[in-house]
Amino acid sequence: MASGSEAGPGVSEAGRLDLPVMTGRQSLREQVAQALRDALVAAEMRPGVVYSAPVLAAQFGVSATPVREAMLDLAKEGLVEAVRNKGFRVTELSERDLDELTEIRKLLEVPTVARLADAARVADFEQLRPVAEEIVSAAERGDLLAYVNADLRFHVELLALAGNAHLVEVARDLRYRARLYGLKSMSERGTLADSAREHLDILDALIRGDADAARRIMDHHIQHVRGIWADRPE
């Protein structure tokens with residue numbers, strides 16, 4: 001997709017945005033912003049491409065105003081940048097950016113998850129098993145946006161068990177700043193499901209109360225995701 005293109009994230013063969021219908025109690029602006037974040041993380045929106053608010057609005061089936069407002073919210077988060085009289089361009093991430101995001105995730109998430117290991121908390125961990133299985137199912141059927149959504153939900157809910165809401169918000173922000181460029185190629189090669197099953201391995205270690213295994217698997221998982229970010233699975 002060349003720079004200056006007005007194609008949208010997840011565009012189907014019919015030219016429509018391949019995202020869930022937006023419903024619920026969130027404002028239209030919030031729903032559009034979340035849908036765009038999902039598309040960014042799944043790398044359905046690419047760096048160097050200028051996205052027009054009116055074109056995206058047409059694909060969403062809404063007016064241009066909530067799309068512009070949503071893009072401005074994403075600009076404040078550093079995910080996109082405004083291009084005068086044209087639209088918004090996805091912010092590019094360097095290899096150093098990806099390394100630094102990975103380092104921060106490891107510092108935050110690995111010890112936090114390891115501390116959760118406690119066989120007495122089996123019920124808490126089992127509640128996350130359906131989400132982990134949903135990640136695997138989405139990977140197996142190649143539904144990348146469903147994969148991203150379930151993956152985010154799993155990690156956020158797992159970290160929430162530690163009882164530190166600020167840590168959860170930082171971790172969520174780090175994930176939004178990343179781009180999973182390698183998802184599509186891994187899905188096409190049939191290897192995405194292998195990465196997805198690591199979520200089940202994390203749960204199994206926590207249920208056993210094995211902090212060392214949980215730490216090791218979580219560290220490996222985040223390093224694996226670092227490779228997916230760069231479309232070079234490690």
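Distance check, rounded to the nearest 0.5 Å: CG of Leu203 to CZ of Arg208 gives 11.0 Å. Note that NE2 of His224 is 12.5 Å distant from OG1 of Thr102, once rounded to the nearest 0.5 Å. Rounding to the nearest 0.5 Å gives a distance of 7.0 Å between CG of Asn149 and CD of Gln34. Here Tyr147 contributes atom OH and Glu134 contributes atom CD; the two are 12.0 Å apart, rounded to the nearest 0.5 Å. In this structure, CG on Leu161 lies 11.5 Å from OG1 on Thr112, to the nearest 0.5 angstrom. A distance of 10.0 Å separates NE2 of His221 from CG of Asp201, quoted to the nearest 0.5 Å.
Side-chain contact between Arg105 and His155 is present, with at least one heavy-atom pair separated by less than 4.5 Å. Between Leu36 and Met45, the closest side-chain pair of non-hydrogen atoms falls below 4.5 Å. Looking at Ile202 and Leu158, their side chains come closer than 4.5 Å, going by heavy atoms from C-beta outward. Under the 4.5 Å side-chain criterion, counting only non-hydrogen atoms from C-beta, Arg129 is in contact with Asp204. Using a 4.5 Å heavy-atom cutoff, the side chains of Glu126 and Ile207 are in contact. You'll find the side chain of Val90 stays beyond 4.5 Å of the side chain of Leu79, heavy atoms only. You'll find the side chain of Asp99 stays beyond 4.5 Å of the side chain of Glu103, heavy atoms only. The shortest side-chain heavy-atom distance between Val170 and Leu108 falls under the 4.5 Å cut-off.
With sequence neighbours excluded, the residues satisfying side chain to side chain donor-acceptor pair (under 3.5 Å) with Glu77 are Arg37. Take Glu140 and apply the side chain to side chain donor-acceptor pair (under 3.5 Å) test, not counting sequence neighbours, and it matches Arg197. For the side chain to side chain donor-acceptor pair (under 3.5 Å) test, no residue two or more places apart in sequence or in another chain qualifies with Asn85. Applying the ring pair (Phe, Tyr, Trp, His ring centres under 6.0 Å) criterion to Phe125, with sequence neighbours excluded, gives no partner residue.
Nearest heavy atoms, Ala171 versus Leu159: CB-CD1, 3.5 Å. Contact detail for Ala64 and Pro54: the closest heavy-atom pair is CB-CA, 4.2 Å. When every heavy atom of Met71 is checked against every heavy atom of Val80, the shortest pair comes out as O-CG2, 3.5 Å. The shortest non-hydrogen separation linking Ala205 to Ala214 is CB-N, 3.7 Å. Nearest heavy atoms, Ala196 versus Ala139: CB-CB, 3.9 Å. The two atoms that bring Arg29 and Ala70 nearest to each other are O-CB, 3.6 Å, heavy atoms only.
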Let me see the working for Leu56 and Val62 under side chain to side chain contact (heavy atoms under 4.5 Å, CB included), right down to the final yes or no.
-> CA-CA 9 Å; Leu56 289 175; Val62 301; over 6 Å; no

May I have the step-by-step check of side chain to side chain contact (heavy atoms under 4.5 Å, CB included) for Ile217 and Val113, ending in yes or no?
-> CA-CA 10 Å; Ile217 296 168; Val113 170; over 6 Å; no

Side chain to side chain contact (heavy atoms under 4.5 Å, CB included) between Glu81 and Phe88: does it pass, once the steps are laid out?
-> CA-CA 5 Å; Glu81 56 188 6; Phe88 296 84; over 6 Å; no

Side chain to side chain contact (heavy atoms under 4.5 Å, CB included) between Leu28 and Val67, intermediate numbers included = CA-CA 9 Å; Leu28 200 53; Val67 176; over 6 Å; no

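Under a hydrophobic clustering in which Ile, Leu, Val, Met, Phe, Trp and Tyr are joined whenever their side-chain heavy atoms come within less than 4.5 Å, directly or via other members, Val148 and Val168 fall into the same cluster. One hydrophobic cluster holds both Val49 and Leu144 under the rule that ILVMFWY side chains link at heavy-atom gaps under 4.5 Å. Both Leu101 and Val156 belong to a common hydrophobic cluster when Ile, Leu, Val, Met, Phe, Trp and Tyr are linked at side-chain heavy-atom distances under 4.5 angstrom. Under a hydrophobic-cluster definition in which Ile, Leu, Val, Met, Phe, Trp and Tyr are linked whenever side-chain heavy atoms come within less than 4.5 Å, directly or via other members, Ile222 and Leu200 are assigned to different clusters.
Applying the salt bridge (charged side-chain N to carboxylate O under 4.0 Å, His left out) test to pairs two or more places apart or on separate chains, those with a residue in residues 214-223 are Lys106-Asp219, Asp212-Arg215. Applying the salt bridge (charged side-chain N to carboxylate O under 4.0 Å, His left out) definition to pairs two or more places apart or across chains, those involving residues 160-169 are Glu169-Arg172.
A donor-acceptor contact closer than 3.5 angstrom is absent between the side chains of Asp194 and Thr191.
Ring geometry for His199 against Phe154 counts as perpendicular: the plane angle is over 60°, on a 0 to 90° scale with 30° as the lower cut.
At least one donor-acceptor pair closer than 3.5 Å links the side chain of Glu30 to the backbone N or O of Ser27. Here the side chain of Ser52 pairs no donor or acceptor atom with the backbone of Gly87 at under 3.5 angstrom. Looking at Ser137, its side chain never comes within 3.5 Å of a backbone N or O of Glu133 through a donor-acceptor pair. In this structure, Asp38 contributes its side chain and Ala35 its backbone to no donor-acceptor pair below 3.5 Å.
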